[in-house]
Amino acid sequence: MTSLQDDTSAAPAAPFPAGFRWGAATAAYQIEGAAGEDGRGPSIWDTFCRTPGKVLNGENGDVAVDHYHRFREDVALMSDLGLTSYRFSISWPRVQPTGAGAFNPEGLDFYRRLVDTLLEAGIEPWPTLYHWDLPQPLEDKGGWPERETAHRFAEYAAHVHAALGDRVRHWTTVNEPWCAAFLGYASGEHAPGRRDAAASLMAAHHLMLGHGLAVEAMRAHIPDNAFGAAVNLYAVSPATDDPADVDAARRIDGLQNRLFLDPLLLGRYPDDVLADTSRYGFDPQDADLAVINQRIDQLGINYYSRHTVAGTPGEATQTASSPFSTHSPWVGSDHVRFVPAGRPVTGMGWEIDERGLHEVLTRLHREYPSLPLYITENGAGYDETPDGNGTVQDVERIAYLDAHLRACHEAIAEGVPLGGYFTWSLLDNFEWAWGYSKRFGLVHVDYATQRRVPKDSARWYAGVIRRGGLPGRA
């Protein structure tokens with residue numbers, strides 16, 4: 001569709017390596033809809049959305065943007081954009097409605113059709129096996145704080161991989177385990193909405209254990225597939241050089257970043273984080289660390305902003321993950337304050353700091369074993385409406401993407417093995433506890449009619465892809 005093409009005749013001022021993967025990302029509960037169709041069971045997000053006071057305006061993902069019925073139209077949009085890869089998640093309750101026992105062939109057939117349609121369009125599928133939609137029956141049995149959930153996840157992963165592994169090479173096990181564990185089980189801002197510090201730490205551990213068990217099971221089936229996880233990482237800075245602020249930065253870096261990177265890549269938990277959380281009885285089994293520390297072939301990085309923190313008394317301005325946030329997710333470090341650093345913010349209130357992405361990438365390359373890295377999410381949410389001509393002139397999103405891609409380009413030039421970039425998100429969609437009030441998509445969706453209209457950012461990104469890099473700065 002030529003409307004997404006811009007002038008790509010000039011060579012890029014900031015070219016990316018040949019073979020660099022250009023993608024966009026989505027998640028099942030946020031886009032699929034069809035919540036009660038073809039044997040899909042309830043997830044913790046179906047239940048959470050029906051709990052008063054948990055989601056803005058009482059909205060839910062029952063219909064979302066109807067991707068379940070419109071996926072061919074959406075793949076055509078991806079093709080028009082020139083995407084070479086598409087990251088999506090597989091709905092566990094659609095494939096295995098109770099999270100244990102019988103699998104649902106109709107649910108798995110949907111993903112077969114999606115994968116085949118992507119491949120026919122020349123787009124590489126990058127599925128994520130867990131993007132927060134735990135089957136409700138498993139939560140009824142205790143959820144991620146229970147060890148059994150990790151084993152059930154591995155069983156589910158092996159089944160999906162057996163069905164699709166002959167056509168899908170790149171697999172992500174779990175997405176943003178920090179959010180699933182601490183927003184789901186500590187602050188209660190996300191499903192299942194529990195507030196139990198000790199349970200949240202065990203949830204984090206079992207998400208990591210589930211990752212390791214799943215990689216083990218899938219690699220046994222097709223060893224030459226590529227396996228990894230996607231973690232949401234932040235650059236973390238102290239507000240001042242006061243020792244209390246420096247300690248606050250250490251604590252938040254530990255809980256946000258190192259609690260997941262260290263077991264995944266080094267086979268251990270950080271001693272300081274174990275000390276910070278010791279009063280909750282968090283003492284994971286050493287044998288589990290060998291499973292978590294399975295060899296992985298790729299690591300996904302989700303990056304949106306920087307944390308600036310203080311451990312000294314004062315006004316807290318932490319940006320909430322929910323409009324109803326009242327409880328801290330920072331287990332063992334509840335006293336830490338999140339303070340503004342004076343940067344511009346997105347419509348989510350998140351400070352824009354592309355230098356933080358460069359910092360995260362170079363730190364990973366410097367401090368951890370080298371492996372292929374991918375930006376699996378990066379984007380900006382705003383509350384947008386089309387103009388009188390029906391277009392969305394989202395210049396702020398274009399500036400955000402341009403700045404962060406330049407940070408990626410700089411990191412690659414410095415030797416970071418970054419192999420691809422997936423912007424969040426392809427489509428406007430259900431933004432968790434914020435309902436439909438925030439829009440992250442390259443493509444605008446009219447939720448009443450489901451009409452899709454590419455924004456100016458879609459045209460800009462299509463030009464970057466076809467050019468193979470970034471234009472010169474204006």
Side-chain angles (χ1 to χ4, degrees), residues 1-5 21-40 61-95 104-129 131 133 160 163-172 376 379 386 390-392 420 422-430 436 439-455 457-459 461-462 465-466:
M1 184 167 64
T2 57
S3 63
L4 290 186
Q5 313 246 353
R21 290 176 168 87
W22 297 100
T26 63
Y29 189 76
Q30 294 180 270
I31 68 166
E32 282 183 2
E37 295 186 35
D38 296 338
R40 178 188 178 276
D62 286 2
V63 176
V65 296
D66 198 30
H67 176 75
Y68 187 79
H69 298 111
R70 299 170 184 265
F71 72 91
R72 290 186 176 85
E73 174 187 353
D74 293 338
V75 172
L77 281 168
M78 299 176 213
S79 182
D80 294 338
L81 277 167
L83 298 188
T84 62
S85 302
Y86 172 54
R87 179 179 178 236
F88 60 97
S89 79
I90 293 173
S91 169
W92 189 349
R94 193 178 294 286
V95 170
N104 175 29
E106 288 183 282
L108 199 52
D109 282 347
F110 167 71
Y111 297 105
R112 289 191 177 99
R113 294 192 298 272
L114 174 59
V115 165
D116 288 347
T117 303
L118 288 166
L119 292 173
E120 288 165 7
I123 299 169
E124 187 176 32
W126 279 60
T128 297
L129 289 160
H131 200 131
D133 48 356
V160 173
L164 300 176
D166 60 333
R167 286 161 290 169
V168 174
R169 172 167 169 72
H170 292 271
W171 292 85
T172 299
T376 38
T391 62
V392 177
F422 295 76
T423 188
W424 184 271
S425 176
L426 175 69
L427 303 160
D428 290 338
N429 56 50
F430 177 78
Y436 295 95
R439 294 176 178 267
F440 278 83
L442 296 174
V443 176
H444 180 271
V445 179
D446 181 323
Y447 298 125
T449 66
Q450 297 294 346
R451 183 169 181 256
R452 278 94 156 118
V453 177
K455 303 175 187 178
S457 59
R459 295 177 175 84
Y461 192 47
I465 295 170
R466 291 183 173 88

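In this text, all values refer to a predicted model and were calculated from it rather than measured experimentally. Atoms considered below: every heavy atom in the structure, side chains included; atoms not considered: hydrogens, waters and symmetry mates.
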> Would you find a donor on one side and an acceptor on the other, under 3.5 Å apart, between the side chain of Asn429 and the backbone of Val65?
Replying inline: no

>> One pair to check against side chain to side chain contact (heavy atoms under 4.5 Å, CB included): Ile465 and Leu83. What are the steps and the verdict?
In response: CA-CA 7 Å; Ile465 295 170; Leu83 298 188; 3.8 Å; yes

> With sequence neighbours excluded, what pairs up with Tyr436 under the ring-ring contact (aromatic ring centres under 6.0 Å, His included) test?
Replying inline: Phe430, Tyr447

> Which atom names give the shortest non-hydrogen contact between Ala458 and Leu442, and what distance separates them?
Replying inline: CB-O, 3.4 Å

> With distance as the sole criterion, is a donor-acceptor pair present between the side chains of His69 and Glu37 under 3.5 Å?
Replying inline: yes

>> Could you walk me through whether Phe440 and Thr423 satisfy the side chain to side chain contact (heavy atoms under 4.5 Å, CB included) test, starting with their C-alpha distance in whole Å, then the side-chain angles of each, then the deciding distance to 0.1 Å, before giving a yes or no?
In response: CA-CA 9 Å; Phe440 278 83; Thr423 188; over 6 Å; no

> Where do Ser85 and Trp126 come nearest, in terms of heavy atoms and distance?
Replying inline: OG-NE1, 3.6 Å

>> Using every non-hydrogen atom in the two residues, find where Ala64 and Gly33 come nearest and quote the distance to one decimal.
In response: CB-N, 3.8 Å

> If you measure from CG on Leu118 to CD on Glu124, what distance do you get to the nearest 0.5 Å?
Replying inline: 10.5 Å

> Could you give the distance from NE2 (His67) to CG (Leu114), rounded to the nearest 0.5 Å?
Replying inline: 5.0 Å

> Quick one: salt bridge (Lys or Arg N to Asp or Glu O under 4.0 Å) pairs with a partner in residues 106-116, sequence neighbours left out?
Replying inline: Asp109-Arg112, Asp116-Arg167

> How far does CZ of Arg21 sit from CZ of Arg87, to the nearest 0.5 angstrom?
Replying inline: 14.5 Å

>> What's the separation between atom OG1 in Thr117 and atom CD1 in Ile123, rounded to the nearest 0.5 Å?
In response: 10.0 Å

> Taking it one step at a time, do Leu426 and Leu81 satisfy side chain to side chain contact (heavy atoms under 4.5 Å, CB included)?
Replying inline: CA-CA 10 Å; Leu426 175 69; Leu81 277 167; 3.7 Å; yes

Ignoring hydrogens and angles, write down the donor-acceptor pairs under 3.5 Å from the side chains of residues 22-29, residues two or more places apart or on other chains.
unit_1	atom_1	unit_2	atom_2	d
Thr26	OG1	Tyr86	OH	2.6
Tyr29	OH	Gly61	N	3.0

>> Which heavy atom of Pro454 sits nearest to which heavy atom of Leu77, and what is that distance?
In response: CG-CD2, 4.2 Å

> Any ion pair linking Arg94 and Glu32 (charged N to carboxylate O, less than 4.0 Å)?
Replying inline: yes

> What residue among Arg452, Lys455, Gln30 forms side chain to side chain donor-acceptor pair (under 3.5 Å) with Asp428?
Replying inline: Lys455

> Between atom CZ of Phe422 and atom CZ of Phe88, what is the distance when rounded to the nearest 0.5 Å?
Replying inline: 10.5 Å

> Which residues satisfy the side-chain hydrogen bond (donor to acceptor under 3.5 Å, both in side chains) test with Ser89, sequence neighbours excluded?
Replying inline: none

>> Which residues pass the side chain to side chain contact (heavy atoms under 4.5 Å, CB included) test with Val160, not counting sequence neighbours?
In response: Ile90, Val95, Leu108, Leu129, Tyr156, Leu164, Trp171

> Residues two or more places apart in sequence or in another chain: which of them pass side-chain hydrogen bond (donor to acceptor under 3.5 Å, both in side chains) with Asp446?
Replying inline: none

> For the atom pair CZ (Arg451) and CZ (Arg70), what is the distance rounded to the nearest 0.5 Å?
Replying inline: 12.0 Å

> Which atom names give the shortest non-hydrogen contact between Arg40 and Ala34, and what distance separates them?
Replying inline: CD-O, 4.0 Å

